[in-house]
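Accompanying notes for the structure given below.
Given the structure is predicted, the values throughout are model-derived calculations rather than measurements. Positions are given from 1 along the sequence.
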Amino acid sequence: QLQASGGGLVQPGGSLRLSCAAFGFTLDDFAILWFRQAPGKEREAVSCVSESGDRRYYADSVKGRFTVFKQKGKNTVYLQMNNLNPEDTAIYYCATDPVFGHEECKAIRESTEYELWGQGTQVTVSS
């Protein structure tokens, strides 16, 4: 089970840190992805951190602003989001998969291919 948290309302230019905690398994064994879905849009992958935590992927729209990392002692993955803008407004989900979660973020698949999802956390960027 994955549990995402940390969303909220923030002004443009502000920051938020999202958390994705794992229960029942060890995050060290899986790559963890962050997806987001804005109203009327498809769910898109924004970031991935590999099993070891050494390899990361970022969508072009968030490069240089978002940072993903694992805190192994807490079995949690974080998504640090800086310099947020209204286009970042969405529900954010963390996800992995028993099979595709072992690809070290070398392949970012469609959201439908990942089996295990957190419940989503709302991020709203507005003045």
Side-chain angles (χ1 to χ4, degrees):
Q1 182 181 1
L2 293 172
Q3 185 171 3
S5 62
L9 173 64
V10 63
Q11 291 186 343
S15 298
L16 282 175
R17 178 176 289 188
L18 305 184
S19 300
C20 177
F23 300 92
F25 66 99
T26 302
L27 282 178
D28 292 356
D29 296 336
F30 292 88
I32 303 297
L33 295 93
W34 285 96
F35 286 82
R36 67 185 181 187
Q37 188 164 19
K41 294 188 177 181
E42 293 187 355
R43 194 169 294 189
E44 63 171 347
V46 296
S47 186
C48 178
V49 59
S50 67
E51 296 89 310
S52 67
D54 294 336
R55 185 180 181 91
R56 298 172 180 86
Y57 160 86
Y58 299 100
D60 288 343
S61 58
V62 306
K63 276 181 184 175
R65 301 187 298 121
F66 289 13
T67 303
V68 63
F69 59 98
K70 286 185 172 180
Q71 189 160 2
K72 298 183 178 182
K74 292 189 175 182
N75 207 30
T76 300
V77 170
Y78 298 95
L79 184 67
Q80 177 67 41
M81 306 187 297
N82 298 329
N83 194 22
L84 286 161
N85 59 63
E87 289 71 35
D88 296 315
T89 295
I91 300 174
Y92 284 71
Y93 302 87
C94 54
T96 191
D97 186 86
V99 174
F100 302 132
H102 299 293
E103 296 183 321
E104 298 185 352
C105 302
K106 293 179 181 179
I108 305 300
R109 300 176 180 274
E110 295 296 323
S111 61
T112 52
E113 299 202 61
Y114 296 96
E115 182 177 296
L116 185 61
W117 290 83
Q119 81 280 16
T121 184
Q122 176 71 49
V123 172
T124 303
V125 185
S126 176
S127 55

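Taking 4.0 Å as the cut-off between side-chain N and carboxylate O, R109 and D97 do not count as a salt-bridged pair.
The closest side-chain heavy-atom distance from E87 to V125 is not below 4.5 Å. Looking at Y92 and M81, their side chains come closer than 4.5 Å, going by heavy atoms from C-beta outward. Here the side chains of L9 and S126 are in contact, with some heavy-atom distance below 4.5 Å. Contact check for E104 versus D54: no side-chain heavy atoms found under the 4.5 Å cut-off. Side-chain contact between L27 and L2 is present, with heavy atoms from C-beta onward closer than 4.5 Å. Side-chain contact between L79 and F66 is present, with at least one heavy-atom pair separated by less than 4.5 Å. Within the 4.5 Å cutoff, the side chain of V62 has heavy atoms near those of the R36 side chain.
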Side chain to side chain donor-acceptor pair (under 3.5 Å) between Y78 and R17: does it pass, once the steps are laid out? CA-CA 7 Å; Y78 298 95; R17 178 176 289 188; over 6 Å; no
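Q119 CD: more than 12 foreign heavy atoms inside a 6.0 Å radius. Heavy-atom neighbours of E115 CD from other residues, nucleotides or ligands within 6.0 Å: at or below the threshold of 12.
In this structure, CZ on F100 lies 5.0 Å from CD on E113, to the nearest 0.5 angstrom. Atoms CG and OG, on D28 and S50 in that order, are 10.5 Å from each other to the nearest 0.5 Å.
No donor-acceptor pair closer than 3.5 Å links the side chain of R55 to the backbone N or O of E51.
A cation-pi arrangement is not found for R43 relative to W34, the charged atom failing to lie both closer than 6.0 Å to the ring centre and inside a 45° cone about the ring normal.
Here the two rings, on F25 and F30, have centers that are under 6.0 Å apart.
With sequence neighbours left out, R56 forms a side chain to side chain donor-acceptor pair (under 3.5 Å) with no residue at all. In terms of the side chain to side chain donor-acceptor pair (under 3.5 Å) criterion, Y114 has no residue partners (sequence neighbours excluded).
Using cut-offs of 30° and 60° on the angle between ring planes, the pair F35 and W117 is tilted.
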